[in-house]
Structures are given as C-alpha cells and as structure tokens.
K.L.:
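One structure is given below, represented as structure tokens, and several questions about it will come after.
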Amino acid sequence: MRWSQTYIPTLREAPADAELISHQLMLRGGYIRKLASGVYLYLPLMQRVIDKFSQIVRDEMNAAGALEITMSVLCPAEIWQESGRYETAGKEQMRMKDRRNHEMVLCGTHEESVTTLIKGEVKSYRQLPMNLYQIQVKFRDEIRPRFGLMRGREFIMKDAYSFDATEESFEVSYGKMVNAYFNIFRRAGIEAVKVESDTGAMGGKAAHEFMFLVDTNAGEEVIMFCDKCDYAANSEKATFVDPNKPTLDTEMKGMETVDTPGAATIEEVTFFLKVESTRLAKTLMYMADGEPVAAMIRGDRDLNEIKLKNALGAIELEMATPDQVQQYTSAPVGFAGPIGLKEVKILVDPLVAELKNFVVGANENEKHIVNVNIDRDFKADLVVDLSLAAGEDGCPNCDAGQLICKSGIEVGNTFMLGTKYSDALGAKFLDEKGAEQLIIMGSYGIGITRTPQAALEKYCDDKGIIWPKSIAPYLVEIIPLKPGDQTQMEAAEKIYNDLEAAGLDVLMDDREERPGVKFNDADLIGLPIRITIGDKSLKDGNVELKARCEKDFALVPVGDIVGAVKQLAERLN
RNA sequence: CGGGGUGUGGCGCAGUCUGGCAGCGCGCAUGCUUUGGGAGCAUGAUGUCGGAGGUUCAAAUCCUCUCACCCCGACCA
C-alpha cells in the first residue's frame with residue numbers, strides 16, 4: 001500500500017480527552033476516531049490490526065476444533081427473560097423495540113442465542129462435543145465508558161461456546177480453549193497470564209481470566225500472585241492465609257459498653273481503646289437488593305464486595321447511605337455493631353468469628369462495646385469469607401508463599417457455565433442409555449479491539465507505537481526520502497515490489513513530505529521494520545534497514561532486501 | 001447515580017473573573033525557496049464561541065435551563 005492511496009490521518013497533538021498512552025497513540029496514529037462516548041470508528045490501519053489479530057484467533061480456534069458461525073446482534077428479549085439475565089443484566093444491556101413494539105436486545109454476549117440454536121439441533125450425545133464461535137460486534141451500555149477501545153459501549157469480541165455431554169468431556173473442551181488462548185496471545189506477541197476469577201453475571205461454577213500485565217494506570221484489575229507457587233487470581237476472587245493472626249484469649253470476658261468520644265474510624269478506636277486493630281470488628285452496612293445487611297470484617301482488613309455479593313446471591317449491592325445507617329443502627333456512621341440490630345442480616349467473616357473478646361460498635365453515638373463474643377452475644381446469619389486479599393497475605397495454595405499485587409488488563413476469559421443456560425432454556429440430549437441430560441456448557445471470550453490497544457500500553461516509547469509484528473497493520477514501511485528523485489524511486493519501487501512479491505505487508509510513504517515528517521510519522525504508527533532510501537547510502541547501492549524497537553540500522557544492498565527483512569523479522573517480537 | 005472538570009475553525013489552546021472588532025500555534029489551500037528527524041517566506045480559506053431562553057444599547061463573557069464529553073467512585077458477561 002502507498003501512503004498516498006490510503007488514509008492515515010496522524011495528529012501532532014493528541015485530542016485532550018484521551019488519558020491513556022495507548023488511547024492517545026491510537027488517535028494520534030490515525031487508527032481510530034471517536035463518534036460518541038464509548039463508540040469508535042476504525043480507520044484503515046486499525047482495520048488491518050483487527051483483521052490480523054482476528055485471523056490469529058480464527059486459526060487457533062479452528063485448530064482447536066471450534067466452528068465459526070455468525071449469530072445476530074439482535075435477539076428477542078424473551079430468551080433473555082427465560083435465562084433470567086434480562087433482570088440481572090440490568091441497564092448494562094442495550095435494548096430496543098422494533099416497529100411492532102417487540103422488545104429486542106442488542107447482545108453483549110450470546111449464551112442465550114447459541115443455546116437456543118443448540119437446543120433445536122442437538123438431540124443425541126453422538127452430536128457432542130461441539131464448540132461454536134464468532135467474531136462479532138458486541139454492545140454493552142457501560143456505566144462509564146473510558147480509555148478508548150479498552151472499555152467501549154460497542155466493541156468486537158470473539159465469543160465461543162462449548163457443549164459437552166459429560167464433565168470429563170467438558171474438562172477436555174475447556175482445556176483445549178485454555179490452550180488455544182495461550183497460543184493466540186503468544187502468536188500476537190502479547191504475554192498473557194491465566195488467573196482465577198469471579199464468575200460475575202455470567203454465572204456458572206468457575207472462571208478464569210487472561211490478563212496482560214501492565215505498569216501503567218490502564219490496568220483495571222488487580223491480580224494476586226504467589227511469589228512461590230503458580231497461584232494467580234483476580235483480587236475479586238483471591239483467597240488468602242491470614243498473616244496477622246492475633247493471640248486469642250482463652251476465656252470469654254464480660255461484655256462492657258464504653259464511651260469512645262470522637263472515635264469513629266478504626267484508627268481512632270484502636271488508638272482510643274489501645275487495642276490492636278486485629279481485635280476489633282468493623283460492621284459495614286450495605287443494602288442488598290433493597291434489604292439491609294451488616295458485614296463484619298476484622299479491623300485490619302478490607303471488605304471484598306464481590307464476595308459479599310456472592311454470599312448473599314444479591315443482584316444489586318451498595319453501601320448504605322448515612323441516613324440508612326442511622327435508620328438501621330440508630331447511630332451515625334462509625335458506631336455500627338451486630339448487637340441489637342433488628343431486621344438486618346448479619347454476615348461474619350471467619351477472621352472475626354474466631355476472635356474472642358473483641359470490640360464492636362455499640363449502635364449508639366460515640367460508644368463501643370468491648371469483650372464481645374460471637375454466639376454468646378450475637379448470632380451470625382452466615383459465617384463466610386468476606387475479606388479482600390492484600391499484598392503480603394499468605395498464599396492459599398502453598399505453605400511458604402506470599403501474595404503479590406499486580407495490575408492487569410483483561411484480554412480474555414473462560415467460563416465454566418455448567419448447566420445454567422441449558423437448564424434455563426431446556427437444551428438437552430439423550431445419553432447412551434437413552435436418558436435425558438442437560439448439556440454442559442462453557443463460554444470463552446477474547447477482546448478483539450481491546451487487546452491490541454492493551455498491547456500498546458507496553459509496546460510504545462516516547463515517539464509512538466512499537467507493534468508486535470504479527471498484529472502490526474504492515475510489517476515494513478519504506479521511506480524514499482525524495483519521492484521526486486528518479487534513482488531513489490526506482491530503488492523504492494523495486495524494494496516495494498520485491499517485498500510484496502515475497503508476501504510481506506508493505507507500506508510505502510510516497511508523500512512529498514520532508515524527511516523529518518516521515519520519520520516522525522513512521523515512529524508514531526509503529527510498523528516493526530523501516531527501510532530508508534536516501535542518497536547517502538544509495539550511492540553505494542544500499543538502503544537502510546531498521547527495526548522500530550532498535551536504535552541502529554543496517555546497510556543492505558537493494559537486491560538483498562527481501563532476505564534481510566525476513567531475517568530481521570525473525571528475531572522481532 | 002454521586003463528586004470534580006471541560007465545551008471557542010480539523011487538532012491543541014488563549015480570551016470568560018472585570019460584557020465592547022473572535023484570537024494564537026499547528027494543520028489546510030496557492031506560489032516560490034528548501035529537502036537525512038515535525039522547513040522558511042508570502043498570500044488565503046475555514047467559527048451558528050455545544051444548544052435554548054433571559055438580562056443589556058451591546059453577550060464567547062452575566063443569569064436560568066439543557067445537551068455532550070472527560071476524570072474519580074459505584075458497575076464491568
């Protein structure tokens with residue numbers, strides 16, 4: 001492709017509303033433009049990136065035995081109502097009515113559609129296993145779209161769905177997908193790690209996420225890693241071994257209400273009462289689907305709202321407002337406790353449940369109660385892990401390990417759905433014995449538009465993008481410094497034709513621009529290899545061959561360029 | 001939804017406090033010169049100042065309402 005024949009509108013300055021480096025580079029490099037909040041247009045370079053990454057995904061999915069199909073973005077609301085997700089998806093779901101006033105959904109994922117398809121087709125265990133996938137646009141009315149393609153309201157996703165007759169067969173299917181994912185990200189030049197994750201609104205029994213680890217503030221997820229073993233989990237999901245176990249009293253002491261004037265926070269109370277924060281239980285008031293809930297966490301720990309939400313089976317969970325706290329505890333924020341609470345469900349973290357003689361709020365302004373003991377002084381409705389794992393916590397998987405926090409961008413996910421959707425929508429088959437069984441399902445996503453942008457958080461420098469070669473829009477950029485010069489252009493055309501004939505993707509900057517402009521644009525759009533054709537080296541029959549990620553260039557005779565380019569590409573990421 | 005902020009030519013911004021000709025840099029067009037890391041000179045085009053209403057002799061500027069966009073939080077299949 002010649003620069004003059006395509007459309008690469010580079011910008012000297014990034015539009016002011018782009019925060020992330022990757023977002024700025026996408027805009028400045030002429031890859032994308034914004035149409036509305038969370039809605040982007042993909043320009044020619046981006047389209048090529050999408051095509052290249054999609055092709056890698058396609059190759060590996062096909063190699064794993066999955067079949068490509070295309071399902072409609074539109075879906076009748078009824079099957080979402082049947083699966084129950086019409087409720088749980090809530091405002092996240094784009095909806096519309098057709099001209100007959102029929103409710104339709106603009107899908108953000110396709111479990112309902114694909115399960116409806118399968119239920120009409122699969123009748124026998126002989127037809128299983130099966131895996132169907134598509135690469136298609138998705139709609140999610142994100143509460144807060146941001147970071148360009150990282151969190152849009154419309155985006156492209158590869159979504160796959162597996163169908164199996166038995167658990168054993170499902171394990172194999174799931175393993176194939178996990179394996180395919182590692183291949184995909186490796187081939188795309190992106191190092192992704194697999195971590196345990198919460199299942200969220202997808203439901204099912206377990207899930208994993210594939211994370212691209214970054215040092216920038218683009219990481220929307222916090223991942224906990226063990227420094228000794230291979231344990232890795234999203235912080236939403238991570239469990240841990242408590243490293244700060246307090247020494248426990250042997251006997252229960254008598255409960256006593258004490259004045260704690262001005263002491264509402266954990267720090268203030270520990271200072272005032274001169275007790276360790278590990279001997280104090282904080283009681284956090286939440287509203288779960290409109291019902292008040294008290295969650296008790298040891299003073300030194302933070303609550304994991306996902307764990308709380310899951311323990312309650314709640315759809316909506318939010319912290320109680322100060323007014324609600326006053327209403328349910330008869331005290332201002334800071335003095336809530338479990339004793340005397342009425343009509344409030346009490347959930348207690350195990351680290352609190354094991355304590356003896358601990359401190360809680362008294363549900364009375366400026367008062368706390370000391371020497372409180374669970375069961376004797378109050379009853380928990382449920383004792384369940386509610387604590388957020390933190391750095392330096394013990395690893396839940398091995399003895400010696402400590403957890404470490406890292407920031408990551410989710411580029412893929414895999415869900416063990418079990419029979420949630422087949423049950424809800426009635427997708428059954430007959431097994432060998434002629435007995436009716438529910439199909440066991442999995443679903444598997446990869447962000448086609450998100451992943452390349454995520455990669456840019458790492459693959460860039462102060463001049464611009466440095467694409468991994470397999471998802472770069474072109475492999476090579478040729479820069480004839482003087483397009484008006486006949487000798488230079490002859491060399492440029494020969495190189496251009498030779499490279500194209502060798503099947504390599506080439507972009508030639510044939511614009512009548514000054515060298516500085518071309519060099520800067522080349523660095524900005526970030527093609528892996530640059531060939532500069534100028535008088536300096538051409539007088540000896542050479543051109544300059546340079547990798548975007550390296551500082552030095554090599555002189556290569558015009559006739560040897562194809563081999564030299566291939567050789568250079570070989571050692572680039 | 002709560003908190004903070006921004007809307008002025010394609011992009012980046014000044015002007016708003018204190019009402020008085022709508023400006024600057026880049027980009028764009030034409031010409032000449034220039035040509036190995038974002039050229040110089042000259043000439044030129046491009047704006048319903050986000051929108052609606054109001055105050056005023058006069059509104060980008062003051063008031064009211066509204067819309068869009070960004071950041072933090074909640075949310076995230």
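What you see below is based on every heavy atom in this structure, not just the backbone, and it leaves out hydrogens, waters and symmetry mates. Within every chain, numbering begins at 1; the chains are lettered A, B, ... in the order of the sequence lines, protein sequences first and strands thereafter.
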K.L.:
Any non-hydrogen side-chain atom of A/M94 less than 4.5 Å from a side-chain atom of A/R153?
P.N.:
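Yes. Closest side-chain heavy atoms under 4.5 Å.
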K.L.:
Specify the residues of residues 545-557 of chain A, ordered by number, for which at least one heavy atom lies under 4.0 angstrom from an atom of RNA chain B.
P.N.:
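Residues of residues 545-557 of chain A that come under 4.0 Å of RNA chain B do not exist, since none gets that close.
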K.L.:
Tell which nucleotide pairs with B/G38, taking only Watson-Crick or G-U wobble pairs whose two distances are both under 3.5 angstrom.
P.N.:
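For B/G38, the partner nucleotide comes out as none, under the 3.5 Å rule.
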K.L.:
Which residues in residues 483-494 of chain A have at least one heavy atom lying under 4.0 Å from any atom of RNA chain B?
P.N.:
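Heavy-atom contacts with RNA chain B come from no residue of residues 483-494 of chain A; none.
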K.L.:
For B/U43, which nucleotide is its Watson-Crick or G-U wobble mate, given both distances must be under 3.5 Å?
P.N.:
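B/A29 - that is the nucleotide pairing with B/U43, both distances being under 3.5 Å.
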K.L.:
If the cut-off is 4.0 Å, is A/S37 near the phosphate of B/A68, judged by side-chain N/O to OP1 or OP2?
P.N.:
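No, outside the criterion.
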K.L.:
Distance-only, no hydrogens or angles: does the A/K458 side chain make a donor-acceptor pair with backbone N or O of A/V214 under 3.5 Å?
P.N.:
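Not a single qualifying donor-acceptor pair exists.
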K.L.:
Rounding to an integer number of Å, can you tell me how far A/E512 CD sits from B/U30 P?
P.N.:
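One finds 13 Å between P of B/U30 and CD of A/E512, rounded.
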K.L.:
Look at the side chain of A/E13 against the base of B/G27 and say whether a donor-acceptor pair falls under 3.5 Å; ignore hydrogens and angles.
P.N.:
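Result: no qualifying N/O pair found.
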K.L.:
Quickly, which of A/L568, A/L545, A/I529, A/L527 forms a side chain to side chain contact (heavy atoms under 4.5 Å, CB included) with A/V476? Name it, please.
P.N.:
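By the side chain to side chain contact (heavy atoms under 4.5 Å, CB included) criterion, A/V476 pairs with just one of A/L568, A/L545, A/I529, A/L527: A/I529.
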K.L.:
Can you figure out which of B/C13, B/A77, B/G37 approaches the side chain of A/R530 most closely?
P.N.:
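The listed nucleotide nearest to A/R530's side chain is B/G37.
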K.L.:
Determine whether more than 12 heavy atoms belonging to other residues, nucleotides or ligands lie under 6.0 Å from atom NZ of A/K539.
P.N.:
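Check passes, neighbour count above 12.
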K.L.:
Could you identify the nucleotide paired to B/U6, looking across every strand shown and requiring Watson-Crick or G-U wobble geometry with both distances under 3.5 Å?
P.N.:
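WC or wobble partner is B/A68.
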K.L.:
Determine the contact category for A/D159: base if any of its heavy atoms lies under 4.0 Å from a base atom, sugar-phosphate if only primed atoms, P, OP1 or OP2 are that close, otherwise nothing.
P.N.:
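Contact class for A/D159: none.
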K.L.:
Take A/E221 and A/K536, find for each the nucleotide of RNA chain B with the closest heavy atom, and name the residue whose nucleotide sits nearer the 5' end.
P.N.:
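Its nearest nucleotide being more 5', the pick is A/K536.
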K.L.:
Identify whether any heavy atom of A/K463 sits under 4.0 Å from a base atom; if not, whether one sits that close to sugar-phosphate; answer base, sugar-phosphate or nothing.
P.N.:
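If one applies the 4.0 Å heavy-atom cut-off, A/K463 turns out to touch a base.
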K.L.:
Which whole-number value in Å describes the distance from A/F210 CZ to B/A77 C1'?
P.N.:
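Taking CZ of A/F210 and C1' of B/A77, I get 16 Å after rounding.
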K.L.:
Keeping the roles fixed (side chain from A/D302, backbone from A/L388), state whether a donor-acceptor pair exists under 3.5 Å.
P.N.:
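Checking the backbone N and O of A/L388 against the side chain of A/D302, no donor-acceptor pair under 3.5 Å is found.
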K.L.:
Let me know, please, whether A/K34 or A/P15 comes out on the 5' side of the other along RNA chain B by nearest nucleotide.
P.N.:
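Taking each residue's closest nucleotide, the earlier one in sequence belongs to A/P15.
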K.L.:
Strictly by side-chain hydrogen bond (donor to acceptor under 3.5 Å, both in side chains), give each pair with a member in residues 514-524 of chain A just once, sequence neighbours left out.
P.N.:
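Qualifying pairs, neighbours excluded: A/T10-A/D521, A/K463-A/N520, A/R511-A/D521.
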K.L.:
Just the rounded figure in Å: distance from P of B/C1 to CG of A/D141.
P.N.:
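Whole-Å distance recorded here is 12 Å.
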K.L.:
Salt bridge check, A/E493 against A/R2: does any charged N sit closer than 4.0 Å to a carboxylate O?
P.N.:
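A salt bridge links A/R2 with A/E493.
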K.L.:
Return no unless some side-chain N or O of A/R151 is found under 4.0 Å from OP1 or OP2 of B/C75.
P.N.:
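It does not, given that no N or O in the side chain of A/R151 lies less than 4.0 Å from OP1 or OP2 of B/C75.
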K.L.:
Could you list the protein-to-nucleotides 14-16 of chain B atom pairs, N/O on both sides, closer than 3.5 Å?
P.N.:
none

K.L.:
Do the charged groups of A/E60 and A/K158 touch, with an N to O distance under 4.0 Å?
P.N.:
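Salt bridge flag = no for A/K158 with A/E60.
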K.L.:
Checking side-chain polar atoms at under 3.5 Å, does A/Q453 have a donor or acceptor matched by the opposite partner on A/Y31?
P.N.:
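Looking only at side-chain atoms, A/Y31 and A/Q453 do not form any donor-acceptor pair under 3.5 Å.
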K.L.:
Give A/E92 one of three labels, base, sugar-phosphate or nothing, depending on what nucleic acid heavy atoms sit under 4.0 Å from its own.
P.N.:
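Here A/E92 touches the bases of the nucleic acid.
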K.L.:
If we count only N and O atoms by modelled type, under 3.5 Å, do the side chains of A/Y421 and A/R85 hold a donor and an acceptor together?
P.N.:
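Side-chain D/A pair, A/Y421 to A/R85: present.
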K.L.:
Please classify the nucleic acid contact of A/A14 as base, sugar-phosphate, or nothing, using heavy-atom distances under 4.0 Å.
P.N.:
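Sugar-phosphate, backbone atoms only, no base.
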K.L.:
Base, sugar-phosphate, or nothing: which does A/K482 touch, judged by heavy atoms less than 4.0 Å apart?
P.N.:
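Sugar-phosphate, no base atom in range.
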K.L.:
Rounding to an integer number of angstrom, what distance separates B/A59 and B/U64 when you compare their C1' atoms?
P.N.:
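15 Å, rounded to whole Å.
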K.L.:
Once you apply a heavy-atom cut-off of 4.0 Å, does A/R450 come out as touching a base, just sugar-phosphate, or nothing?
P.N.:
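The answer is nothing, as A/R450 stays clear of every strand by at least 4.0 Å.
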K.L.:
Once you apply the 3.5 Å cut-off to both distances, tell me the Watson-Crick or G-U wobble partner of B/C21, or none.
P.N.:
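The base-pairing partner of B/C21, which may sit in any strand shown, does not exist here.
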K.L.:
Measuring from the side chain of A/A36 (C-beta onward, heavy atoms only), which nucleotide among B/C76, B/C69, B/A77 has the closest atom?
P.N.:
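The listed nucleotide nearest to A/A36's side chain is B/C69.
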K.L.:
Under 6.0 Å from the NZ atom of A/K345, do we count more than 12 heavy atoms belonging to anything else shown?
P.N.:
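Open: at most 12 neighbouring heavy atoms sit under 6.0 Å from NZ of A/K345.
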K.L.:
Tell me which nucleotide, if any, is Watson-Crick or G-U wobble paired with B/U48 when both distances must be under 3.5 Å.
P.N.:
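B/U48 is unpaired by these criteria.
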K.L.:
Any side-chain N or O of A/K91 less than 4.0 Å from the OP1 or OP2 oxygen of B/A77?
P.N.:
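So the side-chain polar atoms of A/K91 never come under 4.0 Å of the phosphate oxygens OP1 or OP2 of B/A77.
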K.L.:
Consider the side chain of A/A89, meaning its heavy atoms from C-beta on, and name the nucleotide among B/G37, B/C76, B/A77 that approaches it most closely.
P.N.:
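Nearest to the side-chain atoms of A/A89, counting from C-beta on, is B/A77.
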K.L.:
Grab the CG-P distance between A/L417 and B/A77 for me, whole Å please.
P.N.:
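Atom-to-atom, A/L417 to B/A77, this comes out as 13 Å.
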K.L.:
For a quick check, with a 4.0 angstrom heavy-atom cut-off, what is the B/S/- contact string for nucleotides 38-49 of chain B, read 5' to 3'?
P.N.:
BB----------
K.L.:
What string of B, S and - do you get for nucleotides 2-8 of chain B, 5' to 3', if B is base contact, S is sugar-phosphate-only contact and - is no contact with any protein heavy atom under 4.0 Å?
P.N.:
-------
K.L.:
Under a 4.0 Å N-O cut-off, is there an ion pair linking A/D461 with A/R548?
P.N.:
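Yes, A/D461 and A/R548 are salt-bridged.
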K.L.:
Identify the residue among A/F210, A/F185, A/F212 that makes a side chain to side chain contact (heavy atoms under 4.5 Å, CB included) with A/T451.
P.N.:
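The single option meeting the side chain to side chain contact (heavy atoms under 4.5 Å, CB included) with A/T451 is A/F185.
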K.L.:
Across the strands shown, which category fits A/E236 at heavy-atom distances under 4.0 angstrom: base, sugar-phosphate, nothing?
P.N.:
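No contact.
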K.L.:
Is it true that A/R95 and A/D141 make a salt bridge, defined as a side-chain N closer than 4.0 Å to a carboxylate O?
P.N.:
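Judged by the 4.0 Å cut-off on N to carboxylate O distance, A/R95 and A/D141 do not form a salt bridge.
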K.L.:
Which listed nucleotide (B/C76, B/G73, B/C13) is nearest to the side chain of A/R146?
P.N.:
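Comparing B/C76, B/G73, B/C13 against the side chain of A/R146, the answer is B/G73.
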K.L.:
Both distances below 3.5 Å, Watson-Crick or wobble geometry, any strand: find the nucleotide opposite B/C1.
P.N.:
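Checking every strand shown, B/C1 finds its partner in B/G73, with both distances under 3.5 Å.
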K.L.:
Taking B/G40 as the reference, what is the distance to B/A58 when you measure between their C1' atoms (whole Å, please)?
P.N.:
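Result for the C1' pair: 43 Å, nearest Å.
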